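Side chains are part of it too, since the values below use all heavy atoms of this structure and drop only hydrogens, waters and symmetry mates. Letters go in sequence order (proteins before strands), and every chain restarts at 1. It should be emphasised that the depicted structure is a prediction, and the values quoted were computed from it without experimental measurement.
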There are 2 protein chains.
Amino acid sequence: MTSQAADEPETVVASRRSKLTPEREQEFFDAVLDQIRHCGYESVTMEGIAASTRCSKSTLYRQWKTKPQFVAAALRASRRVRFAGIDTGSLTEDLRQAARAAGDWSGKDTRLLQSLGHALTDDRELAEALREALVHPEIAALQEMLERGVARGEVPAGHPALEYVPAMMFGVLRVRPVLCGQYADADYLAGFVEAVVLPALGLTRNPAE
Amino acid sequence: MTSQAADEPETVVASRRSKLTPEREQEFFDAVLDQIRHCGYESVTMEGIAASTRCSKSTLYRQWKTKPQFVAAALRASRRVRFAGIDTGSLTEDLRQAARAAGDWSGKDTRLLQSLGHALTDDRELAEALREALVHPEIAALQEMLERGVARGEVPAGHPALEYVPAMMFGVLRVRPVLCGQYADADYLAGFVEAVVLPALGLTRNPAE
DNA sequence: GTGTACCGATACGGTCGAGTACCGGTACAC
DNA sequence: GTGTACCGGTACTCGACCGTATCGGTACAC
């Protein structure tokens with residue numbers, strides 16, 4: 001559980017247990033996530049990561065016990081909420097900006113999600129790390145956005161479409177590659193928000209036209 | 001390309017090149033798709049398939065050159081349009097029935113799609129077979145359904161939400177496991193159609209209430 | 001200088017699975 | 001009966017990759 005990078009109480013400021021700097025560690029993480037995106041989880045090898053980062057397999061295994069634990073650590077370290085800062089004061093505009101933001105990283109994260117596909121059901125810890133790193137934070141940010149809109153009275157509380165907004169946003173993002181072989185971009189998502197999400201929430205000025 | 005099962009002109013009616021009956025072949029296909037659903041594409045082995053169907057590896061390799069070609073053949077053979085027969089005369093009702101139907105096989109097919117995740121980008125032929133078998137037929141059926149609705153005047157032609165209907169139906173189906181760890185069922189999808197799809201298409205009687 | 005603790009490199013053991021080769025058995029044609 | 005062509009079983013080769021062990025080099029503490 002608390003395997004690495006935990007700030008232990010007896011460590012002095014200028015001394016590290018591992019000689020790997022945090023930046024170096026991040027290089028490993030970036031490398032493994034990149035390779036997963038390109039070749040899939042199963043095709044990624046510890047040897048390949050070591051080679052591409054010019055470290056040695058021993059170094060990797062000294063820090064992390066196994067491959068899934070290593071990948072899980074990489075996922076946790078890459079945790080970032082993509083549209084956390086969006087708060088324009090209008091739900092409509094928030095959703096539009098969220099679509100733009102999502103379109104920008106959809107290529108990277110959707111691919112990661114896709115490539116980890118089966119590993120989700122395979123390794124418990126990995127699945128949890130993935131959800132914690134990529135899924136929950138975004139869902140939570142989106143839900144806060146919606147709640148603010150409800151609080152401002154833009155959408156009635158308990159509106160039936162509310163609970164489906166996260167699912168459809170991420171759903172559309174995620175199936176696009178399967179449907180037409182290309183990742184959803186910002187324009188596509190923006191169009192989706194205009195044509196579906198806003199109308200479903202009753203947020204359009206001219207509902208018919 | 002034209003590797004097997006092509007009806008060659010010189011074959012007589014009552015004679016088969018392979019002694020495997022079509023039923024036997026289908027057993028192989030069912031077995032491999034089942035195993036993929038349970039353990040993922042990479043974890044499925046030709047040896048495992050041979051064992052579980054009580055045939056021999058040689059038999060499999062006599063019919064199909066490689067593992068991905070075998071899986072692709074299985075996908076093509078399992079091609080079936082799930083909601084082809086839906087045509088109630090009302091788009092609203094068609095979509096409701098489609099949701100029910102989709103909920104019923106979502107467990108099986110979504111799982112298959114998920115488990116094949118990476119193989120999509122890995123093997124060209126496999127990706128094509130998957131799209132041909134599971135994706136395109138359903139999309140086409142859904143689009144015909146929509147076109148009938150447009151022809152009947154239930155939805156104006158060129159309605160902006162039209163093009164997103166397939167993506168959101170399959171998208172919601174597909175992300176549900178990632179979001180909450182369980183597959184979407186018929187009830188969930190039915191609720192989605194009521195709360196989002198119909199309103200977005202302007203098909204609700206009481207838009208506000 | 002000496003000890004310690006980590007890094008990088010390499011080599012190794014062990015497992016697993018794809019695909020091949022070979023063998024005996026058998027159904028069917030003639 | 002004889003030939004042919006396929007089936008099932010098994011043994012095998014070959015490569016990939018996980019994870020371990022070992023060794024030399026080096027930065028740093030004291």
Side-chain touch [X]/[Y], heavy atoms, less than 4.5 angstrom:
X: B:Glu125; Y: B:Pro68; result: no
X: B:Arg37; Y: B:Gln114; result: no
X: B:Pro166; Y: B:Gln143; result: yes
X: A:Arg24; Y: A:Glu27; result: yes

Under 3.5 Å side-chain donor-acceptor pair for A:Thr88 and A:Ser90: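 Per modelled atom types, A:Thr88 and A:Ser90 side chains form no pair under 3.5 Å.
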
For the pair made of [atom1] in [X] and [atom2] in [N], what is the distance, rounded to whole Å?
X: B:Leu20; N: C:dC28; atom1: CG; atom2: C1'; value: 16 Å
X: A:Phe70; N: D:dC17; atom1: CZ; atom2: P; value: 16 Å
X: A:Glu47; N: D:dG15; atom1: CD; atom2: C1'; value: 13 Å
X: B:Tyr41; N: C:dA18; atom1: OH; atom2: P; value: 9 Å
X: B:Leu60; N: C:dT20; atom1: CG; atom2: P; value: 13 Å
X: B:Phe28; N: D:dG8; atom1: CZ; atom2: C1'; value: 10 Å
X: B:Glu27; N: D:dC7; atom1: CD; atom2: C1'; value: 15 Å
X: B:Tyr61; N: D:dC12; atom1: OH; atom2: P; value: 19 Å

Of the candidate nucleotides [options], which contains the atom at the shortest distance from the side chain of [X]?
X: A:Ser58; options: C:dG19, C:dT10, D:dT20; result: C:dT10
X: A:Thr59; options: C:dG8, D:dG19, C:dA21; result: C:dG8
X: B:Lys57; options: C:dA18, D:dG8, D:dC18; result: C:dA18
X: A:Arg62; options: D:dG19, C:dC7, C:dA18; result: C:dC7

How many angstroms lie between atom CG of A:Leu130 and atom OH of A:Tyr41, to the nearest 0.5 angstrom?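 Between atom CG of A:Leu130 and atom OH of A:Tyr41 there are 11.5 Å.
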
Looking at CG of B:Leu91 and CG of B:Leu201, how far apart are the two atoms once the value is rounded to the nearest 0.5 Å?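 B:Leu91 CG to B:Leu201 CG: 6.5 Å, rounded to 0.5 Å.
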
B:Tyr61 six-ring face occupied by B:Lys67 cation (under 6.0 Å, within 45°):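 Checked: cation-pi criterion not met.
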
Counting only side-chain N and O atoms of B:Gln63, is one of them less than 4.0 Å from OP1 or OP2 of D:dC6?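 Answer no for this pair, as no side-chain N or O of B:Gln63 is under 4.0 Å from OP1 or OP2.
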
Please work out if A:Thr45 contacts a base, only the sugar-phosphate, or nothing of the nucleic acid, heavy-atom cut-off 4.0 Å.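 Contact class for A:Thr45: sugar-phosphate only.
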
Short of 4.0 Å, heavy atom to strand atom, which residues of residues 49-56 of chain B count as contacting DNA chain C?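 Within this stretch, nothing sits under 4.0 Å of the strand.
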
Rounding to 10°, can you tell me the angle the first-five-pair axis of the helix from C:dG1-D:dC30 to C:dC30-D:dG1 makes with its last-five-pair axis?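 It works out to 10° between the end axes.
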
How are the rings of A:Phe70 and A:Phe29 set to each other: parallel, tilted or perpendicular (split at 30° and 60°)?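 It falls in the tilted class, 30° to 60°.
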
